[in-house]
Amino acid sequence: KLNNWTFEQCRQLKSVTVGSGIREISVGAFLNCRSLTQLVLPAGVERIDEHAFENCTGLQELALPDSVSNIRRGAFYNCDGLRTITLPAELDFKAPDLFMGCSSLSEVRLTRPGTSYADQMFRETSKFEDKLILAIGLMGPAYEHSAVMVPYLSQYARQAAELLADSGMDAMFAKFLKLPLARQELLSCYGELFEKVNRQSNMKIKLLLMKFHQDNAGGTYAQNEFTL
């Protein structure tokens, strides 16, 4: 295995190809490797421990091999440059708050295509917040007709918008606002949602919400004045 804290604070580390004999990425193995932009994990890695890639802010894309069956809490905490992640289609265990602090993340992919894998992963995700984020991340041409995720997101559209705004997941928030399934519900509660967002300090979230209303309702909204 790759031992605890192996590359911790190696801030000039830019590229890593993990050896084929490694089965476990241990606690904090790449913690604070902020310059890391390329990481290749071999087939055979089975477990990713707590804080393994925490604060790897240079990573924009990460693909986990199908062999990974266990991802522990905080493994990708504050990877705020991460835009796309590929997860094993039959992941046995993923800890809650898997994507906490991943503010640029907008796309979740699976190693195998097909709605059956995506729907199964969605069903096995227990925490409400994680279910919403996973479903939005997966939404795209391959899953837009999912009989499981689409009705769920439609039912909880307002909660999803509030969650993403509260957690500062800007890219996921922007993606969600573009989904047709959320449009009517968000327009119906726009006033209350905007007031809630306006009390926060994230200017990008406010501007995204205002643009959503302008694009979908036309004109301007009387309360579209925000606090700097």
Side-chain angles (χ1 to χ4, degrees), residues 34 55-62 76-87 96-109 118 122 125 127-228:
R34 297 180 183 275
N55 288 329
C56 289
T57 55
L59 280 177
Q60 294 188 18
E61 186 169 348
L62 181 61
F76 310 112
Y77 178 72
N78 204 35
C79 290
D80 59 12
L82 189 63
R83 299 179 181 180
T84 303
I85 188 167
T86 301
L87 298 176
D97 304 319
L98 187 62
F99 304 121
M100 182 178 291
C102 298
S103 58
S104 298
L105 183 67
S106 64
E107 186 172 359
V108 178
R109 301 172 181 170
F122 178 79
T125 300
K127 190 175 180 181
F128 176 69
E129 290 89 340
D130 291 338
K131 290 178 82 73
L132 292 174
I133 292 171
L134 177 64
I136 296 167
L138 284 167
M139 277 296 106
Y143 307 115
E144 62 186 4
H145 301 299
S146 167
V148 176
M149 293 185 291
V150 170
Y152 192 88
L153 287 177
S154 298
Q155 180 179 356
Y156 295 107
R158 177 174 178 175
Q159 291 92 327
E162 291 178 351
L163 166 69
L164 297 174
D166 288 343
S167 58
M169 298 192 71
D170 302 353
M172 198 74 79
F173 185 77
K175 179 179 180 179
F176 183 61
L177 293 180
K178 294 178 182 178
L179 296 179
L181 62 88
R183 184 176 300 128
Q184 193 56 46
E185 174 64 23
L186 294 183
L187 285 174
S188 67
C189 67
Y190 178 83
E192 295 177 29
L193 182 59
F194 184 83
E195 288 180 11
K196 180 179 177 64
V197 169
N198 197 30
R199 293 192 291 268
Q200 302 172 355
S201 58
N202 191 323
M203 184 65 66
K204 187 172 182 179
I205 291 288
K206 297 177 187 179
L207 293 174
L208 284 169
L209 190 57
M210 289 170 62
K211 187 177 188 306
F212 163 79
H213 187 270
Q214 184 176 21
D215 290 345
N216 291 278
T220 58
Y221 184 71
Q223 297 180 13
N224 269 354
E225 295 182 3
F226 52 82
T227 304
L228 296 175

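Owing to the predicted nature of the structure, the values given are computational and were not obtained by experimental measurement.
Taking each heavy atom of T84 and L105 in turn, the nearest pair found is N-CD1, 3.9 Å. Scanning both residues, E185 and S188, for their nearest heavy atoms gives O-OG, 2.6 Å. Nearest heavy-atom pair across Y143 and M149 is CB-CE, 4.0 Å. Contact between L138 and V108 at its shortest, heavy atoms only, is CD2-O, 3.3 Å. In terms of heavy atoms, S154 sits closest to L181 at OG-CB, 3.5 Å. A pairwise comparison of heavy atoms in F99 and L87 identifies CZ-CD1, 4.1 Å as the closest pair.
Using a 4.5 Å cut-off on side-chain heavy atoms (C-beta onward), L187 and H213 make contact. With a 4.5 Å cut-off on side-chain heavy atoms, E61 and R109 count as touching. You'll find the side chain of K206 reaches within 4.5 Å of the side chain of N198, heavy atoms only. Inter-residue side-chain proximity for Y152 and L132 is flagged as met; some heavy-atom pair is nearer than 4.5 Å.
Other residues, nucleotides and ligands place more than 12 heavy atoms under 6.0 Å from the CZ atom of R34. Residue K127 places its NZ atom among more than 12 non-hydrogen atoms of other residues, nucleotides or ligands, all under 6.0 Å distant.
If you take CD on E129 and CG on L98, they are separated by 13.5 Å, rounding to the nearest 0.5 Å.
Listed by chain and number, the residues in a ring-ring contact (aromatic ring centres under 6.0 Å, His included) with Y77 amount to none (sequence neighbours excluded).
Checked by atom type and distance alone, the side chain of S104 pairs as donor or acceptor with a backbone atom of D80 at under 3.5 Å.
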Extract all donor-acceptor atom pairs below 3.5 Å that involve side chains of residues 163-176 and protein atoms in other chains or at least two apart in sequence.
| residue | atom | partner | partner atom | Å |
| --- | --- | --- | --- | --- |
| D166 | OD1 | Q200 | NE2 | 2.4 |
| S167 | OG | L163 | O | 2.9 |
| S167 | OG | L164 | O | 3.3 |
| D170 | OD1 | N202 | ND2 | 3.0 |
| K175 | NZ | S106 | O | 3.0 |
| K175 | NZ | I136 | O | 3.0 |
| K175 | NZ | G137 | O | 3.0 |
| K175 | NZ | M139 | O | 2.9 |

